[in-house]
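None of the values given here were measured: they were computed from a predicted structure.
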Amino acid sequence: MKLVFGFITSNAIASYAGPVGMGLIGSFRSFLSLLEHIALLGFQNGIVTYLAPHPLGSAAYRKTVFTAGLVLFLSSLFVSFFCILGVDYLTHAVLHDQIFYRNIFYLLAILFPLYTGSSFLLALVNGLHYYKKIIQIQLLASGISLGLSLWLIVSFTTLGALVSLILVPVVLFFVLLLYCHRITLFNQVFSFQNFDFTLLKHFTSFALMALVSGVVGSYVLLQIRNEMIDVEGLFESGIYEGLQRISSYYLIFISSILSLYFLPKLAQHVSKEKQHALVLDYVKHIIPLFGLGLVVLFFLRKEIIALVFSPDFHSMESLFFWQLLGDFLKAISLLFGYILIARKATRLFLVTELFSLFILYLLTHHLLLEEGLLGVVKAHAITYFIYLLVMLLVYKKNTSKSLD
């Protein structure tokens, strides 16, 4: 359903904002991802990991929810003040001096605590293993967000699309808040007696991992996008953004399965045999289905471009092979990254992530100048081929000993 909703939204953006508007939206989307990772501090993975072994209402549960919730609220306020004080700089760096859209940063500052609050609440529900409820909540929120986004895009074109990027997580926050109130997730939580400095210290490993994968990763992607705009222009950047939107829609399938099912399972301190069984289950059942979907998508790429986008996006067709290949390799390698997160193997995670980001930026910088947008998607595929080889070596080496 998210895939269908995403295609509908992308069609509206392509029709009303065009490739140039799509390029601006892509830059703003990368910036939002950077801010979200900064504010969340990687705590969402830590919340899932620490809640997985503990029942609702236990002392460990109350300490985890209050400690993480208070820190994340304060960090989101810090980001909000940054958006207000740095509005001129952000207008230049993110929106490339499009002054008409500068007020979007004031709106973001006001709503950002709710924006990050949705990720916090989602982590709580996920850590308690309420898989079906999460799906129902996200479907309801996605349906509401679709209607709101279409109205904003049709009425205000590029500005409306930018606003919708902020409001979609806010809608999810209120749907989650309603659900959390019904099952009393916060019963006896709001007390400073539940603040645990020891727990906060344990969360630093997740913060370090988020600093690399989220903050540094998002910053590298934003820099790549800005370099692409400098070399190819906003129009070509919009073509690339259209392809990334398609990629993000089908990768929801992988990220949802990994975060909603595999991470909580791995976080329950399973044996190495159970961990290996989970890996085989993923590779034998999930990856072939995902790969088949990508093959179908490749052969229907002309029809999908015509259906989802406008004729201005026809050059996207030549980029599909390398993008799909890179995403297939990414889907396999992501599981091994989640194993490192679940085991709190901070050093290994940091080294492998920094290595992959370095390779990605280096290859993209070189191939962008040589081959334009085609070089960017080639760099994506080559990076994840190298990253997968590294992660397989790490996994093989550490199956015989503790990842810690």
Side-chain angles (χ1 to χ4, degrees), residues 1-7 44-45 48-49 52 122-123 125-139 142 209 213 243-301 304 320-343 345 349 352-353 356 380-381 383-396 398-399 403:
M1 291 304 297
K2 279 194 170 184
L3 183 68
V4 173
F5 291 167
F7 279 166
Q44 69 274 33
N45 290 327
V48 173
T49 302
L122 198 61
V125 181
N126 191 13
L128 294 170
H129 308 283
Y130 294 151
Y131 311 122
K132 291 183 179 180
K133 285 297 181 183
I134 291 176
I135 294 171
Q136 293 170 7
I137 289 167
Q138 290 191 321
L139 281 174
S142 296
M209 289 187 278
S213 65
L243 182 63
Q244 297 314 299
R245 292 183 77 90
I246 293 177
S247 172
S248 67
Y249 298 145
Y250 58 68
L251 282 175
I252 288 174
F253 174 73
I254 291 297
S255 61
S256 297
I257 288 173
L258 286 172
S259 62
L260 300 182
Y261 180 76
F262 282 95
L263 180 58
K265 290 287 185 183
L266 292 167
Q268 290 180 309
H269 307 295
V270 296
S271 64
K272 293 173 185 175
E273 292 76 15
K274 179 65 174 177
Q275 175 184 290
H276 192 61
L278 286 169
V279 171
L280 291 178
D281 187 36
Y282 180 76
V283 173
K284 288 182 178 180
H285 297 100
I286 305 301
I287 291 300
L289 181 62
F290 181 69
L292 179 61
L294 294 185
V295 171
V296 172
L297 187 63
F298 176 76
F299 285 108
L300 295 178
R301 62 192 185 281
I304 290 173
F320 262 74
F321 174 78
W322 291 101
Q323 181 69 43
L324 297 179
L325 176 61
D327 287 340
F328 179 74
L329 297 172
K330 180 178 181 178
I332 301 173
S333 60
L334 278 176
L335 175 64
F336 300 104
Y338 271 88
I339 291 174
L340 297 182
I341 292 173
R343 298 299 187 189
F349 184 87
T352 54
E353 284 292 304
S356 68
H380 168 70
T383 298
Y384 275 103
F385 174 73
I386 297 172
Y387 180 68
L388 177 58
L389 291 180
V390 171
M391 295 305 285
L392 287 172
L393 289 173
V394 169
Y395 177 73
K396 183 178 180 180
N398 288 279
T399 48
L403 281 170

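Taking CG of L334 as the reference point, atom OH of Y338 lies at 6.5 Å (rounded to 0.5 Å). To the nearest 0.5 Å, atoms CD1 (I386) and OG (S333) are separated by 12.0 Å. Atom CG of residue D281 and atom CG of residue L335 lie 10.0 Å apart, to the nearest 0.5 angstrom. Atom CG of L388 is separated from atom OG1 of T383 by 12.5 Å, given to the nearest 0.5 angstrom. Note that NE2 of H380 is 4.0 Å distant from CG of D327, once rounded to the nearest 0.5 Å. Between L292 atom CG and L297 atom CG the span is 11.0 Å, to the nearest 0.5 Å.
Residues F290 and I332 form no side-chain contact, since every pair of their non-hydrogen atoms from C-beta on lies 4.5 Å or further apart. L122 has its side chain within reach of Q138: a pair of non-hydrogen atoms, C-beta onward, lies under 4.5 Å apart. By the 4.5 Å heavy-atom criterion applied to side chains, I339 and V279 are counted as neighbours. Annotation: side chain of L325 is not in contact with side chain of Y384 (no heavy-atom distance under 4.5 Å). Two residues are said to be in side-chain contact when any heavy atoms from C-beta on lie closer than 4.5 Å; Q323 and I246 fail this criterion. In this structure the side chain of F328 reaches within 4.5 angstrom of the side chain of I287, judged on heavy atoms. A heavy-atom distance below 4.5 Å is found between the side chains of I254 and Y282. Using a 4.5 Å heavy-atom threshold, the side chains of F349 and V394 count as separate.
Within a 6.0 Å radius of CZ in F7, more than 12 heavy atoms belonging to other residues, nucleotides or ligands are found.
Of the possible donor and acceptor atoms, none in the side chain of Y387 sits under 3.5 Å from a partner among the backbone N and O of S356.
With sequence neighbours excluded, the residues forming a ring pair (Phe, Tyr, Trp, His ring centres under 6.0 Å) with F336 are Y395, listed by chain and number.
What you find for L139 and F5 is that their closest heavy atoms are O-CE1, 4.4 Å. Heavy atoms only, all atoms of each residue included: L329 and A381 are closest at CD1-O, 3.7 Å.
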